[in-house]
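Let me begin by presenting the structure, written as structure tokens, before commenting on it.
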Amino acid sequence: GTGSGSSGKKTKDGLKEVDVVLDWYPNAVHSFLYWAQEKGYFRKEGLKVKIISPAESVDAINFVASGKAQVGISYPIDTINAVVNKHMPVKAIGAVTQKQMVVMISLQSNSITKDFKTLKGKKIGYDGTNDSKVQIQAAASYAGLKPEDYELVDVGFDLTTALTSKKVDIVGGPMINDEVITLRNKGYKINVFPYTDYGVPECYGLVLDVNSEAYEKDPEMYKGFLRACRKGFRDMKSDENGTLDLIMKRMSSDSNPLNRKQQKGSYETLLPYMETKDGNFLTMNDATWNAFIKWMKQQGVTKELCKPSDVMIKPDFR
Amino acid sequence: MPAAFLLLAVLVIWQIAADIIRIPHILPGPSAIIAKTWALRRTLFLVQLPYTFFSVLAGWGLAILFAVLLAVLMSRSSLLEDMIYPVLLVIQTVPVMCIAPLFVLWFGYTASGRILVIVLSTFFGIALNTFDGFREVDRGRMELMESFGAGRLQIFLRLEVPSALPRFLTGLKMTLPWAVVDSAVAEWLGATRGLGYFSKRMVTHMDGPGVFAPILVLCLVTIAGMAVIDLLDRRIAGHRSAL
Amino acid sequence: MLTFDHVSFQYETDREAMFRDLSFRVEEGEFVSIIGASGSGKTTIFRLINHFLIPDGGRILVRDRDVAEGAVSVGYMPQQDMLFPWRTAARNVMLPMQVHGVPKDRQKKEASALLERVGLGGMDDRKPAELSGGMRQRVAFARTLATGSDLLLLDEPFSALDSITRISMQEWLREQWRTLGKTIVFITHDVEEALFLSGRILVLRGRPATHMDSVTVPAGPDRTREMLLTPEVTDLKNRLIRELREEAGR
Amino acid sequence: MLTFDHVSFQYETDREAMFRDLSFRVEEGEFVSIIGASGSGKTTIFRLINHFLIPDGGRILVRDRDVAEGAVSVGYMPQQDMLFPWRTAARNVMLPMQVHGVPKDRQKKEASALLERVGLGGMDDRKPAELSGGMRQRVAFARTLATGSDLLLLDEPFSALDSITRISMQEWLREQWRTLGKTIVFITHDVEEALFLSGRILVLRGRPATHMDSVTVPAGPDRTREMLLTPEVTDLKNRLIRELREEAGR
Amino acid sequence: MRGKTVRKLSAWLFGAALIALWEIAAVSVDRVYLLPGPADVIRSLLLNRKEIFLVHLPATMEVVAVGGALSILVGALFAVMMDLFGPVRKALYPLLTLSQAIPVMCLAPVFVLWFGYTTAMRVVVVILTNFFPVTINLYDGLRSARPERMELMKTWGATKGQIFRLLRFPSSLPYLFTALRIAVPWSVIAAAVAEWLGAPAGLGFYSRYCMMDMDAPGLLAPLLVLTVIALLLNGILKVLERRIVSWRGQ
Ligand SMILES: Nc1ncnc2c1ncn2[C@@H]1O[C@H](COP(=O)(O)OP(=O)(O)OP(=O)(O)O)[C@@H](O)[C@H]1O
Ligand SMILES: Nc1ncnc2c1ncn2[C@@H]1O[C@H](COP(=O)(O)OP(=O)(O)OP(=O)(O)O)[C@@H](O)[C@H]1O
Ligand SMILES: [Mg+2]
Ligand SMILES: [Mg+2]
């Protein structure tokens, strides 16, 4: 009775309902969805899309797996974990960003150098999740540090507090398009260290996850969804001011007040991440997934290997 | 009077501490918080407060109903007590925060999930106090009622309820702030509005005064609620010390 | 009306049995007093009748029904007033009427009348905490009468009253008994009171008590205080006091 | 020892004043009884002495010190026993000694002795709930004596006792008074008790009460029960009862 | 005796039935991440037993024990201060209430600032969430002491401290035990929540870890351990309570 395979109800006017659970509060990275909604691209595909912001980032996968939502925005590492370790019926169908957005940051005053040699004896804050821990350890060992050279400190979910209250010297887990910009806007001088600079394989930052059983039943619906998203992204890319207006009009509200300056920074940071010269928006390739799957197994996050097709679908939605 | 004085003292110390530490997104001073509350007054009081207030009323109201029901059941027979009490204790030991993801899976981001969070965090205190109130009904008065040939319902309404009332009110006093605070927690677990949600949202903006402004409103709600309960306490539980 | 049939009882935490094979009867319409030393078990008898305590052996019948079968409705006045502190005097008196479903307005009127009768007119709205010891006892007495029961069990109802109020209460109680034909069992430690009020006196003695002496008061139903001064009654009084004293000496 | 100097008092929720300009004195070493109808204000006098209530006017002196100046230590026995339900009989009696810092072993011994004396030998470890009404009253009485105070304020201390136990308590109390030279103020509603025990009887009458009749009992310090039968005492008794009756009639 | 065995047995059966129901529901839903059954949870517990019992359990127990004990002390201290000193009550009461109206999560950064990610920080969180039930209950319990008993103690010249120790505190014990029975599960919860704010180890930490890992049975396994601990602590309390406040309802 949990409706795990459900592919959405139909509304009165014959549209299919699609609930999209975000990874985080609505912000610039989600503009393509709002453009698609604003311009009626979803409607043209016969879809009625509802955007839901989550309480916890894991909600997206959980909702999709249990059929409570049709699409969820999540991370590849979580998607692979869900499929391989938890046997949850989810798969990625498109990449929102072509590059990882999670980084490590330190205050410049801590003078942690790019080569990480200065990390010795320092405290590294992380959010207590396995994902972060693994990425930090991988990055550190890439820089030639042994686990006993530094101290990992679980700082709960509040990474910025840990950093700014100087209880740790560096934190792993902030997003390039969010905390980084917020801290800079607050006047903090910070250094940013992308994991990918330290041996963590490049992968997609955010992906669109769907319920794989539901996908089998109605692939056309999801393809339509992706088509609309792509159109939305085109608008987002071509019209910075329009996008910022849209953000301030549609995403910002009494309950989710957004700051135009902040979002502008976020937007500018994001565009090169969402589409690169190697990959268009939403596209994914086996090699990238394969490399990441292997890396995860190597780090002991997953117990076994899997094929890229176990964790993702490449719908042909032209 | 002493209350106002102490409050003032605390505020002053706090302000000084905030000025010294100068990390406003972690420890904003009271002046900044008050200014922020004023600046945000429209959204805080007209948009967020009604939303939160509804969950508090609904959640706490249900908790009271449920708690009294359980207390009554448990006080009727020791078999029921032995059956129900451990279950309550188990429920009570599970931190809502921990099983929130499961909650969210079961209920989604609906009001029922949030209300359940409040119920879970407050019913136990009320139930236990009320139950102990029932257990402490004076034996002599009980015998007297029985000698009148009073039925169980009569004894319940005319003796047990008034006898347990002071304890029940103690339970209310104890859980009121929790009902308020857990409405905020509940909103973190899934809501797109409300004072708690708003506060959490401001954390990501590193906007310290913005984090505490809704909390200030929560505090005001609590104080108002406390005043009402204290009034009730004086009115209907004055016989606490005559039992 | 009331029968103790070979009743044995012992408090769980007590070393000695309280009653062993104790039997006595109170007929319908009788006014019986129970006297006995402090701690001899008078109150215990009442608590057994009300089935608050369960005898170890024997049967207790009220109106020919075993009290174990279910609640018997009696007018019981406990030794401690047991007023409900959250109710006013009048509402305390109304309590048994409420239990019996008497209409509200009649409750009020009757409660007022009863309070008036026990000398507490106009005190309807006082809380027990605002009454003197004797006043509280009178409220409790009024409450007992408000049960309207035909069997009254009164445990030292007048012990906190000054002699004048007490005499007036006694006379009124006898009046009630005569006109309404109630059965009254009356615990007292005052031999004179027992002599004036009751047709028969039961003397509770011994530990464990195995029987109660039953003494008929040599005076008719119409009584005056002066009758207490007749030689027969004086003799009886002295005899009872002597008996009790012997008991105390043991 | 005790002086009421033009004391006025009214309960806040009461319509009428209780006392107006009431004055009386009790000398050191006296044994004074206060009699009066139920609700006439006897207990109120004690509560005023203890400064639980604050007079609207006038002064109350104990040992020549105004009671308003600070707690006076007296041996007060309230009308309701007010035993502590979580303490055994013996530990209830030990309470005032504990307050006064008497060494533990002496506390125990004295409490036992006192309980023995009030006829509760061997009941040391009983909780109040396991005692009869009269027994509880005797524990409270023993507790009052355990204060060792030279001023005892006793509020109907024997009202729940049967006549035999009561007589024995009365005799013992007089004995204590005579040998230890205590000052005793004794509330009772029993005129005979007042006559037997006290050197002087204060009669509380009227509302508001403006003065108390003081009646000296025509009998010496060595007393026997028979003295109560002398014509003077009988006359006095009848006079007091008549006075109280008039009061009640008003 | 037999009745008690039957009672215990049926209570256990009831518990077993609930668990069985849960298992049935879990099996029929058949999605571990949606509704893990007891079997899944226990399996997960056994699988990670080393980690849970040797690393996380001791870490949490330290916080529960220290935080729990301190919160009771702090809570009691507040209640006592409020009871003894009127102005303190007026000043403290609203502040304490407010301290409860602020979500721990909002204060967490401040705590981090002061204490860092240390055990001290977690202990403070436990104290903050847990002292309140103790304060409110104990304070109301202290107020439930009968004023008449208090007056009595004053007549013995008892100091405030003695009145508190000998009367008010014992009177409040039933309330205190209620508070303790509430505080037991709450200190366990608070410890878990505190670990959410950042901790190197502990059952709450482990549970959150599993949550972010979408491991539902793993999320519940440590909670199961916490529950068993709470049940054990509660059992101890129950025994204590039965011994200490046996006078409930008398
Ligand atoms: N709950 C109890 N548990 C154990 N013993 C009890 C209990 N209640 C009373 N007793 C004992 O039973 C005896 C009789 O008590 P009861 O109250 O019947 O006396 P009583 O005749 O009414 O005395 P009094 O005139 O003093 O009221 C006493 O010795 C008392 O100690
Ligand atoms: N707390 C109070 N508030 C208002 N009135 C009170 C209060 N306590 C007593 N009274 C009134 O004061 C009067 C005297 O009470 P008090 O207790 O002194 O009487 P008493 O002489 O001791 O009577 P008794 O012999 O019945 O014990 C009574 O009329 C009573 O109603
Ligand atoms: Mg008795
Ligand atoms: Mg009195």
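Heavy-atom basis, side chains included; hydrogens, waters and symmetry copies ignored. Order of the sequence lines sets the chain letters (A, B, ...), proteins ahead of strands, with each chain counted from 1. Note that the coordinates shown come from a computational prediction; the quantities given were computed from them, not determined experimentally.
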Report summary line: Rounded to the nearest 0.5 angstrom, the CZ-CD distance for Arg136(D) and Gln79(C) is 7.5 Å
**Report entry** Spacing of Met123(C) atom CE and Asp14(D) atom CG [to the nearest 0.5 Å]
**Finding:** 7.0 Å
Query raised in the report: Are Arg245(C) and Ile167(D) close enough that some pair of their side-chain heavy atoms sits under 4.5 Å apart?
Result: yes
Requested in this report: Please examine the side chains of Ser163(D) and His189(C), heavy atoms only from C-beta on, and report whether any two atoms are closer than 4.5 Å.
Outcome: no
Report summary line: The reported gap from CG in Leu120(D) to OG in Ser38(C) (rounded to nearest 0.5 angstrom) is 7.5 Å
**Report entry** Between Ser168(D), Ser132(D), Ser159(D), the one whose heavy-atom pairs under 4.5 Å with chain C are most numerous
**Finding:** Ser159(D)
Report task. Would you name the heavy atoms of Asp162(D) and Gly36(C) that are closest together and state the gap between them? Result -> CB-O, 3.8 Å
Report task. State, yes or no, whether a side-chain contact exists between Gln80(D) and Asp81(C) at a heavy-atom distance under 4.5 Å. Result -> yes
Report task. Decide if atom CZ of Arg20(C) counts as having more than 12 heavy atoms of other residues, nucleotides or ligands within a radius under 6.0 Å. Result -> no
Query - Worked verdict on Glu243(C) versus Ile164(D) for side chain to side chain contact (heavy atoms under 4.5 Å, CB included) - result: CA-CA 10 Å; Glu243(C) 275 183 20; Ile164(D) 313 304; over 6 Å; no
Report summary line: Under a 4.5 Å heavy-atom criterion, the part of residues 192-204 of chain D in contact with chain C comprises none
